[in-house]
Amino acid sequence: MQVTPDFSYWQDDKPVADQREAVGHAVRAEYLYSAMADVAALTGDQQLLASVDSIWHNMVSKKLYVTGGTGAVPGGERFGGNYELPNTTAYNETCASVANVYWNQRMFQLHGDSKYVDMLEKVLYNGLISGVGLDGKSFFYSNAMQIKNSVSFAQSEPQRAG
């Protein structure tokens, strides 16, 4: 039996202009979505604009933690399904928050709507800074919403890496 790979993990299961939902590896996806916003701004491509707007709305309304963290599923560091936002196994990679800040900055430049800056601030102050140590050199790779003990969730980090 041949296993068919899930190309949505790499956001290449369909042309980007046909995508409507945040899927796959969260960091890679959010950098791609940043680029889509840039290209839509430079070319005026309405199909690409509709796509990146739809993906942003899907992510904000169905795949975003209250802290602004994204990438709920540790296996693959990826977006889960709609409303799949578990607390104890949330991955919320710090790198995904960096990409999310870039994406929201691009969306603000594209549309000029303050909702993108509001989201940028939420992610920056709650989803990104939480992963970086006060020394500026240490960090958490993942940012779970709730950690009872590292036995229940092997991906949790007992302290920031240096």
Side-chain angles (χ1 to χ4, degrees), residues 1-16 18-37 51-107 115-116 118-162:
M1 179 177 160
Q2 184 177 7
V3 176
T4 304
D6 179 10
F7 290 106
S8 66
Y9 176 76
W10 295 279
Q11 297 81 36
D12 66 351
D13 57 324
K14 60 182 98 168
V16 292
D18 294 339
Q19 296 180 27
R20 295 291 180 263
E21 184 176 336
V23 297
H25 188 271
V27 179
R28 183 181 299 116
E30 290 171 296
Y31 281 126
L32 172 65
Y33 305 149
S34 297
M36 289 168 65
S51 176
V52 76
D53 285 344
S54 176
I55 294 167
W56 186 88
H57 186 263
N58 171 258
M59 189 264 307
V60 168
S61 64
K62 299 177 182 172
K63 298 184 179 188
L64 183 82
Y65 282 88
V66 69
T67 60
T70 56
V73 180
E77 304 168 357
R78 63 183 174 82
F79 288 104
N82 289 335
Y83 308 108
E84 183 181 353
L85 299 165
N87 284 336
T88 57
T89 59
Y91 199 70
N92 293 336
E93 185 179 349
T94 301
C95 299
S97 293
V98 172
N100 199 334
V101 165
Y102 284 129
W103 182 22
N104 277 287
Q105 184 251 351
R106 299 314 203 287
M107 294 297 283
K115 70 182 180 183
Y116 301 109
D118 291 342
M119 186 56 55
L120 184 155
E121 288 180 339
K122 174 188 278 204
V123 174
L124 178 65
Y125 294 127
N126 298 293
L128 194 155
I129 290 179
S130 63
V132 181
L134 291 176
D135 63 4
K137 298 176 184 177
S138 59
F139 61 92
F140 280 124
Y141 198 74
S142 63
N143 294 285
M145 296 292 292
Q146 174 186 19
I147 299 175
K148 293 181 179 179
N149 62 54
S150 60
V151 174
S152 65
F153 182 56
Q155 285 81 2
S156 66
E157 300 159 293
Q159 62 189 25
R160 286 181 168 87

Please report the closest heavy-atom contact between V23 and Q11, naming both atoms and the distance.
O-NE2, 2.7 Å
In terms of relative ring orientation, are Y9 and H25 parallel, tilted or perpendicular, with 30° and 60° separating the classes?
perpendicular
Sidechain-backbone polar pair: N82 side chain, K62 backbone, donor-acceptor under 3.5 Å
no
Are the side chain of S97 and the backbone of G69 linked by a donor-acceptor contact shorter than 3.5 Å?
no
Tell me whether Y65 contacts the main-chain N or O of P86 through its side chain, where contact means a donor paired with an acceptor under 3.5 Å.
yes
Got a second to check how far L124's CG is from S130's OG, nearest 0.5 Å?
10.0 Å
We want to know whether D135 and S138 form a side-chain donor-acceptor pair, criterion being a heavy-atom distance below 3.5 angstrom.
yes
Here the gap from M36 atom CE to M107 atom CE, rounded to the nearest 0.5 Å, amounts to 9.0 Å
Quick one: pull up CD in E93 and OG in S142 and give me the separation to the nearest 0.5 Å.
8.5 Å
Measure the spacing between CG of N92 and CG of N126 and express it to the nearest 0.5 Å.
11.5 Å
Between T67 (side chain only) and G127 (backbone N and O only), is there a donor and an acceptor less than 3.5 Å apart?
no
Among V123, I55, V98, L120, find the one that has a side-chain contact (heavy atoms from CB on, under 4.5 Å) with W103.
I55
Please tell me whether W56 and Y116 form a close aromatic pair, meaning their ring centres lie under 6.0 Å apart.
yes
Measuring from H57:NE2 to E21:CD, what's the distance to the nearest 0.5 Å?
12.5 Å
Approximate separation, where rounding is to 0.5 Å, of K63 NZ and L85 CG:
9.5 Å
Which atom names give the shortest non-hydrogen contact between T70 and L64, and what distance separates them?
CG2-CD1, 3.6 Å
Just by distance, do the side chain of T94 and the backbone of L128 share a donor-acceptor pair under 3.5 Å?
no
Would you say D13 and D6 make side-chain contact, with heavy atoms under 4.5 Å?
no
One pair to check against side-chain contact (heavy atoms from CB on, under 4.5 Å): E30 and Y102. What are the steps and the verdict?
CA-CA 8 Å; E30 290 171 296; Y102 284 129; over 6 Å; no
Take V73 and E84 through the side-chain contact (heavy atoms from CB on, under 4.5 Å) test and state the conclusion after the steps.
CA-CA 8 Å; V73 180; E84 183 181 353; 3.5 Å; yes
Which atoms form the tightest heavy-atom contact between Y83 and S61, and what is the distance?
CE2-O, 3.8 Å
Sequence neighbours excluded, which residues qualify as salt bridge (Lys or Arg N to Asp or Glu O under 4.0 Å) partners of E77?
none
Is the backbone N or O of N100 less than 3.5 Å from a side-chain atom of N104, with the two atoms forming a donor-acceptor pair by type?
yes
